[in-house]
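Note sheet for the following structure.
Quick caveat, the model's predicted, so the values are computed rather than measured.
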Amino acid sequence: MITVTTKEQVPQWQKKALLVLHLSVLAGSIALITFISYDTFRNVSFLENQRYLQAQFWICMLFIADIIFEFFLSPKKWHYLVTHIFFFLIAIPYINILKYYGINLTGELQYTLRFIPMLRAAYVLAIITGALSSNRVSSMFIAYIALLLTIVYFSSMMFFVEEHKINPDCTSYAQALWWSIMCMTTAGSYVGEYTITGKILSVILSGGGLILFPVFTVYITHAVAGTPDNNSVDDPSEDKKQSGQPETAKTDSDQQSQSKVALS
């Protein structure tokens with residue numbers, strides 16, 4: 001007797017609960033981006049904005065709850081723990097912890113810590129797009145687009161904060177966004193870097209562009225050429241069947257032709 005093993009199906013309620021948590025993570029990430037943009041454009045210190053600190057704390061708690069829920073649903077808990085420890089670390093509300101203990105860091109480092117939870121959102125976006133799309137290449141492409149936009153936006157905001165007071169070429173956010181896009185495409189921009197933060201960002205953006213932009217080429221190639229079907233491989237037996245000639249008959253005719261050549 002042959003026993004056929006089937007993959008264990010995930011209960012429907014667990015799928016719905018995970019989807020709700022993942023959508024909540026994306027909504028919380030959008031809320032954090034809105035808070036950060038509002039404080040940046042209005043030149044408000046986020047450490048003095050208690051609403052932002054409270055919002056970041058509870059949103060990070062939501063991120064951690066999402067990870068814990070996935071951990072208990074995972075059949076291989078140690079494997080999940082090892083492969084997802086990074087996402088747990090970036091979900092910790094470091095800004096709130098530093099504020100509580102009165103630890104002061106540089107402005108650049110504090111501004112960077114605000115964007116760390118966005119990495120969790122990029123990972124969740126990849127999961128959702130992978131679940132909604134049957135094409136793995138398309139889902140990966142969407143995740144790369146989200147990561148690319150996040151890097152460009154974060155870099156432009158940080159460049160604007162550090163440069164707009166001392167850089168005559170960067171007096172508005174539109175110029176900082178243009179600089180960020182040009183650095184990512186490695187095309188260069190008329191906007192120069194005056195601060196160390198700006199110079200470091202230019203190197204990071206150029207390196208990120210060299211890594212991420214080839215994904216566009218791969219995706220376009222896949223979309224134009226298409227994925228070859230396994231059934232489309234040429235099979236001699238299929239050709240014999242389509243020609244209507246039995247395989248044995250064709251083999252006999254080949255042997256007769258070879259014997260005639262040998263006699264001649």
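- A 4.5 Å side-chain heavy-atom check between L89 and Y94 finds at least one atom pair inside the cut-off.
- Between H84 and Y80, the angle of the ring planes stays under 30°, which puts this pair in the parallel group of the 30/60° scheme.
- Under the side-chain contact (heavy atoms from CB on, under 4.5 Å) criterion, L149 pairs with I145, not counting sequence neighbours.
- For T34, there are no side chain to side chain donor-acceptor pair (under 3.5 Å) partners, not counting sequence neighbours.
- Not counting sequence neighbours, the partners of W13 by the side-chain contact (heavy atoms from CB on, under 4.5 Å) test are P11, F69.
- In this structure, the side chain of S155 does not engage the main chain of V152 through any donor-acceptor pair within 3.5 Å.
- The backbone N or O of S202 sits less than 3.5 Å from a side-chain atom of S206, completing a donor-acceptor pair.
- Contact record, S172 with F160: C-CE1, 3.5 Å, taken as the closest heavy-atom pair.
- The nearest pair of heavy atoms linking I95 to L53 is CG2-CD2, 3.5 Å.
- The ring pair (Phe, Tyr, Trp, His ring centres under 6.0 Å) check on Y173 picks up F41, with sequence neighbours excluded.
- In this structure, Y190 and W178 have side chains that are in contact, with non-hydrogen atoms separated by less than 4.5 Å.
- Contact between V82 and I85 at its shortest, heavy atoms only, is O-CG2, 3.5 Å.
- In this structure, the side chains of M61 and I64 come closer than 4.5 Å at one or more pairs of heavy atoms.
- Shown here for A91 and C60, the closest heavy-atom pair between the two residues is O-CB, 3.1 Å.
- Scanning all heavy atoms of the two residues, the minimum distance from G198 to W179 falls at O-CZ2, 3.7 Å.
- Around atom CD1 of I166, more than 12 heavy atoms belonging to other residues, nucleotides or ligands sit under 6.0 Å away.
- In this structure, E163 contributes its side chain and F159 its backbone to no donor-acceptor pair below 3.5 Å.
- Side-chain contacts under 4.5 Å among hydrophobic residues (ILVMFWY), followed directly or transitively, place V203 with no other residue at all.
- When every heavy atom of F72 is checked against every heavy atom of K77, the shortest pair comes out as O-NZ, 3.4 Å.
- Between the side chain of S74 and the backbone N or O of E70 there is no donor-acceptor pair closer than 3.5 Å.
- Only one option out of S180, C170, C183, P168 pairs with V191 in a side chain to side chain contact (heavy atoms under 4.5 Å, CB included); it is C170.
- Taking T186 as the reference, nothing meets the side chain to side chain donor-acceptor pair (under 3.5 Å) condition, with sequence neighbours excluded.
- Between H164 and N167 the shortest side-chain heavy-atom distance does not fall below 4.5 Å.
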